[in-house]
Amino acid sequence: MIVGIDLGTTNSLIGAMDAGFPVLFADKDGGRLTPSLVFIPDEGEPVAGRQAAQHAEAIFSVKRQMGNAKVESNREGGLLKKAIAPEEVAAVILKKLKADAERASGQPVERAVITVPAYFNEAQRAATKRAGELAGFTVERLLSEPTAAALAYGLDRLGEKSKVAVYDFGGGTFDVSVLELGEGVFHVLSTHGDTHLGGDDLDAALAAKFGISRAEAADGKKDPSGAGFSESDFSATCLSIIERTRGHCLRSLHDAGLKAGDIEEVILVGGVTRMPLVREFVREVFGREPNLSQHPDEAVALGAVIQAGILDGSVQNVTLLDVTPLSLGIETFGGLMNVLIPRNTTIPCKAGEMFTNAAIHQEAMKISILQGEREMAADNWKLGEFSIPFTPAARGLVRIGVQFELDANGLLHVLGRDVATGDDITFAIRSAVEVSDEAVEKMLADSLEHAFEDMDDRQFVEAGLKADEMLPAVDTALQRLGSAVTGEEREAVAAWVEKVTEAREARSLRRLKAALGGLDAATEPLAARLVEAVMDGKL
């Protein structure tokens, strides 16, 4: 049996297929929802769920900290007494779910599908997988949450063809995905989101606005009139948070090549979507009534269970095609981002490219693995790096192959090969990267805002690299041809060389391109003359 798990910011659930139907397990008290809370006592074993909720120091919303080196604070906002990795905290929740599933099913549970926000990066996914392993699971698959919700929605609609959007607004994260469903194939066309946007932010904003505790804000959010909130202040405060999802919805549609009118169903998932304000907002963005057929708290877990059923064979004739949410590539000479796997590529997938040495005495090539949407390497995130040694050779003669393999969990494996020797070096992305969720959102926004500037920067670097190749080659040609070059020709070439140098110093892309074009035209007759002299044996 493979179980499906929704490891949520606020609540977590676990279930499995039973006689062809996805079933969620209840704990000993009969509840299917396990609060995602963990209490770590000074002595004794950590506890999770309702038992942890009895302690004010319980760690909450650990999902938001996955991928960080350690958990930063407890419920009271103070620092923890000892450093602990988020995956260790999440493992306590998963162990509790594992015990509940074993009690309910009467059999050992060792294999699992665990859901993650669609916009989790490599470090966050790796940390989630590690949490599952610490809890005693073999993690068979990491599944994107909106994709899971689409599986729950579409399991009894396998014969239908439709384009759907899943709007998943949970306790700590937001995702929106556009999928095409048809004949048992669930094809993710695009995905966007913010791993630091959710009901927690609504609670914090309401608490600050009305001068109450986070817990009081969370309760009042469910019944604003009963909590005594001013309707206008409540709406304005909440809408300022909800509005942050608009851009993600529009970008997801754009990346899928669709308009709002092309979407036939908008499926709501996540506890926040119970709010009338959210439903009105979704109606306005997509221009249609949202689909409320899925249980906001259980749809993702049910989808995880269905994916588990696909893997163990109990669910037939269903194929899931997910995508990678961010581009992956390496840094190339000049500090450029060379994309190997563009974002929204269907996974699993492989991509490779051949690279060569940039200098003559080079003994190794450093492979810096990047994730992001910017043209310059420094503006993206470095996931890791390794070096491939090789025998020094003339510039451009060494051949190094680099292959990226993105598995079905969205985890990246990198292979580097020296073609001359056949020696391989492999690298797996396992370590956490200190990148805040705010940085994720900012990077995506910056990729749009600075798109033209980034392209100009890239073209300037590429033009500079061309100049670095041309100037020494021109100098060598002039020396070899000697008296065969007229004084007028030398003056013309020198003038263009000076213009290239001036344009580079002024960082003018337009002038540099023009100067390189002029230098190319001025040296074309010389290049032809040089080739002729070599063929005639004069040089």
Side-chain angles (χ1 to χ4, degrees), residues 66-69 87 116 118-130 132-133 139-144 191 321-359 362-391 398-435 439-440 443 447 458:
M66 298 298 281
N68 291 336
E87 55 263 41
V116 292
Y119 241 68
F120 256 19
N121 61 30
E122 290 292 317
Q124 292 166 316
R125 289 172 184 267
T128 304
K129 187 171 187 288
R130 176 64 178 154
E133 293 167 346
V139 181
E140 301 288 346
R141 185 68 52 87
L142 297 178
L143 177 64
S144 295
T191 188
L321 302 175
D322 211 340
V323 296
T324 177
L326 293 168
S327 298
L328 295 159
I330 71 170
E331 179 176 356
T332 54
F333 194 63
L336 299 176
M337 163 72 154
N338 190 89
V339 174
L340 294 185
I341 300 179
R343 67 186 176 91
N344 287 327
T345 296
T346 300
I347 58 175
C349 63
K350 291 182 181 180
E353 197 166 322
M354 200 70 70
F355 298 93
T356 189
N357 57 321
Q362 198 172 334
E363 297 181 346
M365 184 178 294
K366 184 175 71 174
I367 306 296
S368 293
I369 304 160
L370 306 173
Q371 183 175 36
E373 306 306 320
R374 304 292 297 276
E375 296 291 338
M376 305 304 294
D379 294 325
N380 295 294
W381 303 318
K382 182 184 288 187
L383 299 177
E385 66 180 23
F386 63 98
S387 292
I388 302 176
F390 50 78
T391 302
V398 176
R399 292 290 182 269
I400 299 295
V402 177
Q403 178 181 277
F404 279 16
E405 179 179 3
L406 202 58
D407 65 22
N409 294 318
L411 297 177
L412 179 65
H413 306 270
V414 181
L415 179 145
R417 173 175 295 167
D418 181 349
V419 174
T421 63
D423 293 339
D424 291 344
I425 294 178
T426 58
F427 188 88
I429 305 299
R430 299 186 185 279
S431 60
V433 180
E434 293 290 349
V435 178
V440 176
M443 194 257 313
S447 70
R458 184 181 192 95

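Bear in mind that the values here come from a model prediction, so they are computed numbers and not experimental data.
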Trainee: Does any part of the side chain of E385, heavy atoms only, come nearer than 4.5 Å to the side chain of I369, both counted from C-beta?
Mentor: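 In short, these two side chains do not touch, never coming nearer than 4.5 Å.
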
Trainee: Identify, with sequence neighbours excluded, every residue that meets salt bridge (charged side-chain N to carboxylate O under 4.0 Å, His left out) alongside E363.
Mentor: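 E363 satisfies salt bridge (charged side-chain N to carboxylate O under 4.0 Å, His left out) with no residue once adjacent residues are dropped.
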
Trainee: What's the separation between atom CG in L406 and atom OG1 in T346, rounded to the nearest 0.5 Å?
Mentor: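 If I round to the nearest 0.5 Å, the distance is 11.0 Å.
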
Trainee: Can you tell me how far the CD atom of E373 sits from the CH2 atom of W381, to the nearest 0.5 Å?
Mentor: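 Going from the CD atom of E373 to the CH2 atom of W381 covers 9.0 Å.
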
Trainee: Could you walk me through whether H413 and D407 pass side chain to side chain contact (heavy atoms under 4.5 Å, CB included), step by step?
Mentor: CA-CA 8 Å; H413 306 270; D407 65 22; 3.3 Å; yes

Trainee: Kindly determine whether L340 and L328 satisfy side chain to side chain contact (heavy atoms under 4.5 Å, CB included), including the steps that lead there.
Mentor: CA-CA 6 Å; L340 294 185; L328 295 159; 6.0 Å; no

Trainee: Quick one: closest heavy-atom pair of G401 and V419, and the distance?
Mentor: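 That would be N-CG2, 4.3 Å.
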
Trainee: Where do T128 and E87 land on the side chain to side chain contact (heavy atoms under 4.5 Å, CB included) test, with the steps shown first?
Mentor: CA-CA 6 Å; T128 304; E87 55 263 41; over 6 Å; no

Trainee: Just how far is it from atom CG of D322 to atom OG1 of T345, taken to the nearest 0.5 Å?
Mentor: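 D322 atom CG to T345 atom OG1 measures 12.0 Å (nearest 0.5 Å).
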
Trainee: Report the distance from atom CZ of R343 to atom OG1 of T324, rounding to the nearest 0.5 Å.
Mentor: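 Nearest 0.5 Å value for the CZ-OG1 distance: 10.0 Å.
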
Trainee: Would you please say whether a donor-acceptor pair under 3.5 Å links the side chains of Q371 and N121?
Mentor: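 No, no side-chain donor-acceptor contact under 3.5 Å.
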
Trainee: Answer yes or no: does atom CZ of F333 have more than 12 heavy-atom neighbours from other residues, nucleotides or ligands under 6.0 Å?
Mentor: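 Result for CZ/F333: open.
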
Trainee: Enter the distance from Q403:CD to M354:CE here, rounded to the nearest 0.5 Å.
Mentor: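 So the CD of Q403 and the CE of M354 are separated by 11.0 Å.
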
Trainee: Work out which heavy atom in G416 is nearest to a heavy atom in I388; give both atom names and the distance.
Mentor: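 Where G416 meets I388 most closely, the heavy atoms are CA-CD1, 3.4 Å.
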
Trainee: Sort and list the pairs that fulfil salt bridge (charged side-chain N to carboxylate O under 4.0 Å, His left out) and have at least one residue in residues 413-426, not counting sequence neighbours.
Mentor: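 Output for this query lists R417-D424.
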
Trainee: Return the minimal non-hydrogen interatomic distance between N409 and E140, and the atom names on each side.
Mentor: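 Nearest pair, atom of N409 first, then E140: OD1-O, 3.9 Å.
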
Trainee: Please name all residues satisfying salt bridge (charged side-chain N to carboxylate O under 4.0 Å, His left out) with E331, sequence neighbours left out, ordered by chain then number.
Mentor: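 For E331, no residue satisfies salt bridge (charged side-chain N to carboxylate O under 4.0 Å, His left out) once neighbours in sequence are set aside.
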
Trainee: State, to 0.1 Å, how close T191 and A118 come at their nearest heavy-atom pair, and which atoms those are.
Mentor: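 Nearest pair, atom of T191 first, then A118: OG1-CB, 3.1 Å.
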
Trainee: On a heavy-atom basis, which atom in I347 and which in A408 lie closest, and how many Å separate them?
Mentor: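 Where I347 meets A408 most closely, the heavy atoms are CD1-O, 4.0 Å.
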
Trainee: Find out whether Y119 and L326 are in side-chain contact, i.e. whether some heavy atom of one side chain is under 4.5 Å from a heavy atom of the other.
Mentor: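 Answer yes - side chains close enough.
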
Trainee: With sequence neighbours excluded, what pairs up with V339 under the side chain to side chain contact (heavy atoms under 4.5 Å, CB included) test?
Mentor: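 With neighbours one apart ignored, the set is S327, M337, P342.
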
Trainee: Will you find, in the side chains of R399 and T356, an N or O donor that is under 3.5 Å from an N or O acceptor?
Mentor: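 Per modelled atom types, R399 and T356 side chains form a pair under 3.5 Å.
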
Trainee: Do side-chain atoms of R458 reach the backbone of E375 as a donor and acceptor pair under 3.5 angstrom?
Mentor: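 Checked: pair present.
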
Trainee: So which heavy atom on N357 is nearest to which on M365, and how close?
Mentor: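 It is N-CE, 4.1 Å.
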
Trainee: Heavy atoms, side chains only, cut-off 4.5 Å: are V402 and V414 in contact?
Mentor: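 Answer yes - side chains close enough.
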
Trainee: Under the side chain to side chain contact (heavy atoms under 4.5 Å, CB included) test, which residues partner R125, sequence neighbours left out?
Mentor: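 Only V116, F120, L142, S144, P325, L411 meet the side chain to side chain contact (heavy atoms under 4.5 Å, CB included) criterion with R125.
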
Trainee: Can you tell me how far CG of L412 sits from CD1 of I341, rounded to the nearest 0.5 angstrom?
Mentor: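 Result: 6.0 Å between the selected atoms.
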
Trainee: Run the ring pair (Phe, Tyr, Trp, His ring centres under 6.0 Å) test against F386 and tell me which residues pass, sequence neighbours left out.
Mentor: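 Ring pair (Phe, Tyr, Trp, His ring centres under 6.0 Å) check on F386 returns F427.
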
Trainee: Would you find a donor on one side and an acceptor on the other, under 3.5 Å apart, between the side chain of E122 and the backbone of L383?
Mentor: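 Judged by distance alone, no pair lies under 3.5 Å.
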
Trainee: How far apart are the C-alpha atoms of N338 and E353, what are their side-chain angles, what is the distance that settles it, and do they pass the side chain to side chain contact (heavy atoms under 4.5 Å, CB included) test?
Mentor: CA-CA 10 Å; N338 190 89; E353 197 166 322; 3.2 Å; yes

